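These values consider heavy atoms only, across backbone and side chains, with no hydrogens, waters or symmetry-generated copies. Since we're looking at a predicted model, the values are computed, not measured.
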Amino acid sequence: MNHRAVPAALLLLLVTVASAGCASHSLEQRLTAAGPAVLALHDGSFDRAGREADAQIGADSANPVARLVRAIVRYKRSMHQASLDVRTVVIGGIGAGAFNHKYLRTSLEQTESDLAGVEDDLAAAATDPGIAIELCIACWEIDWNGNGRVDEGDRLLFQIERDGEDHPLPDDDPRRKPTFRFDAGDVAWARAFVSFQRALIDVGLAYDWSDLDHLLHGDSESRDRIVLRLAHPDRIAQTRQRLLEGLDRSDESRIAYLAETDDDREWVPNPRQKNHPMPLPVDQALYDTWAAMVGDLRRLVRGEEGLAAADLVKLGEERPDRVPKGYIDLGGMLAHPHDIVLTSRDVEALDRGRDTEAMMSALLGDHYVASMRPSPLPGRLARMKGEIERREEGLERKLRYLFWLN
């Protein structure tokens, strides 16, 4: 798979459900009724797929296949527009010397609303664990990068470029464009990804980012401090909720994958499944690590554990003169958020003395604490880093694991 410029639209692939061979008569009827929508999606005709899905939902709002197709179409449309909006804000901000914060906020609010609709459709699709859809996503002729044409980058985006031994596949190798069969676990995985994305958007909507304009003006050095004001604390509460929802969905997908007994063009295989087009070999140890890391993150979000700053420093290549001794209380940041303030003195102190302790204390305030139960997450990441450095496993493959498993 091409990882050079994967846009958020990649996530739309995650929002699919599957059909076991023992589908009920009612589901078979719904599959037939939603057939035009599925066919349009298979062909990459998203507008037509959306119209066909809307028509079928109007006749049968509980049709999980039609709701699934509409979720994919909604997601693709929303992410495409969001990417254009962000590009407009960034390019326009650089040119004008100030970001259009009102435009950006409106765009983020619309994207959040769109993703809420995607989640509603996915939830409806998930009510029938036996539904399925098969897609050759690398066959779609879509202008993913938004430059007005379908170019080589668009065509390579979802192709599988290397085999399981990390050897390049010839351009005409059919393995480059496989057809995936997305099954019951994939919908929970997709809902997890949507939840995490909504959490990130909520963070963006929680703060007033206007002080960042000073970075464009080039006058940040003359200012004593930059303040990101917490304008909407309720958004941080929603961030916490979305993160916990996403972690729950991630657990659901892992459990569903492990329970699968089929073996048919899997998107994310379990340790027993060998028929998976993606060169992503897995074993039980990987699934155990997945479960452990989700547990680590859940305890961090809840404030039951903290990130030891010293452990985080050890993950870096450089070492500060003074190793920090405190803990980052992520749960406290989510439960009791406040303005983010960074003064020029703090930056200078860090630059001159590499005083990470002072920097974290100044930046995080009361969310940088002296004592807390340490999270084992940095240790797991350090182990992965060690395996990469010992060449036991390549960095790209490790990143694939982290991406595919949320």
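Counting only residues at least two apart or in different chains, salt bridge (Lys or Arg N to Asp or Glu O under 4.0 Å) contacts with residues 81-94 are absent.
With values rounded to the nearest 0.5 angstrom, Leu84 atom CG is found 11.5 Å from Met79 atom CE. The CD atom of Glu260 lies 9.0 Å from the CG atom of Leu258; values are rounded to the nearest 0.5 Å. We find the CZ-OG1 distance between Arg198 and Thr111 to be 11.5 Å, quoted to the nearest 0.5 Å. To the nearest 0.5 Å, atom CG of residue Leu247 and atom CZ of residue Phe196 are 4.5 Å apart. Distance check, rounded to the nearest 0.5 Å: CZ of Arg74 to CG of Asp54 gives 7.5 Å. Here the CH2 atom belonging to Trp267 is positioned 13.5 Å from the OG atom belonging to Ser253, to the nearest 0.5 angstrom.
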Legend entry - Worked check of ring-ring contact (aromatic ring centres under 6.0 Å, His included) between His338 and His367: CA-CA 10 Å; His338 50 58; His367 298 146; 4.4 Å; yes
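A salt bridge is absent between Asp339 and Arg229; no separation between the charged side-chain nitrogens and carboxylate oxygens falls under 4.0 Å. A salt bridge links Arg299 with Glu305; the closest basic N to acidic carboxylate O contact falls under 4.0 Å.
The main-chain N or O of Gly246 is never found under 3.5 Å from a side-chain atom of Ser250 such that the two would form a donor-acceptor pair. In this structure, the side chain of Arg176 engages the main chain of Pro170 through a donor-acceptor pair within 3.5 Å. A side-chain donor-acceptor contact under 3.5 Å links Thr106 to the backbone of Lys102. The backbone N or O of Glu28 lies less than 3.5 Å from a partner atom in the side chain of Thr32, making a donor-acceptor pair. A donor-acceptor contact shorter than 3.5 Å links the side chain of Asp263 to the backbone of Lys274. Side-chain atoms of Asp143 come within 3.5 Å of backbone N or O of Gly148 as a donor-acceptor pair. Formation of a donor-acceptor pair under 3.5 Å by the Tyr368 side chain with backbone atoms of Gly326 is found in this model. Remark: side-chain polar atoms of Ser83 are paired, donor with acceptor, to backbone N or O of His80 under 3.5 angstrom. Formation of a donor-acceptor pair under 3.5 Å by the Glu304 side chain with backbone atoms of Leu300 is not found in this model.
Side-chain contact between Ile328 and Met372 is absent, with no heavy atoms from C-beta onward closer than 4.5 Å. Side-chain contact between Glu112 and Arg235 is present, with heavy atoms from C-beta onward closer than 4.5 Å.
Closest non-hydrogen pair, Ser61 versus Arg67, comes out as O-NH1, 3.0 Å. Taking all atoms of both residues into account, the shortest heavy-atom contact from Asp311 to Pro378 is CB-CB, 3.6 Å. Residues Ala49 and Leu41 approach most closely at CB-N, 3.7 Å, considering heavy atoms.
Looking at residues two or more places apart in sequence or on another chain, you find no salt bridge (charged side-chain N to carboxylate O under 4.0 Å, His left out) involving Arg77. Under the rule for a side chain to side chain donor-acceptor pair (under 3.5 Å), the partners of Asp151 that lie at least two apart in sequence or sit in another chain are Asn145, Asn147. Contacts of Gln241 classified as side chain to side chain donor-acceptor pair (under 3.5 Å), with partners at least two apart in sequence or in another chain: Glu245. For Tyr207, the ring-ring contact (aromatic ring centres under 6.0 Å, His included) criterion is met by Trp209, not counting sequence neighbours. Residues passing the ring-ring contact (aromatic ring centres under 6.0 Å, His included) test with His232: none are found, sequence neighbours excluded.
Using modelled atom types and a 3.5 Å distance limit, the side chains of Gln238 and Asp234 yield no donor-acceptor pair.
Within a 6.0 Å sphere centred on CD of Glu152, heavy atoms belonging to other residues, nucleotides or ligands number 12 at most.
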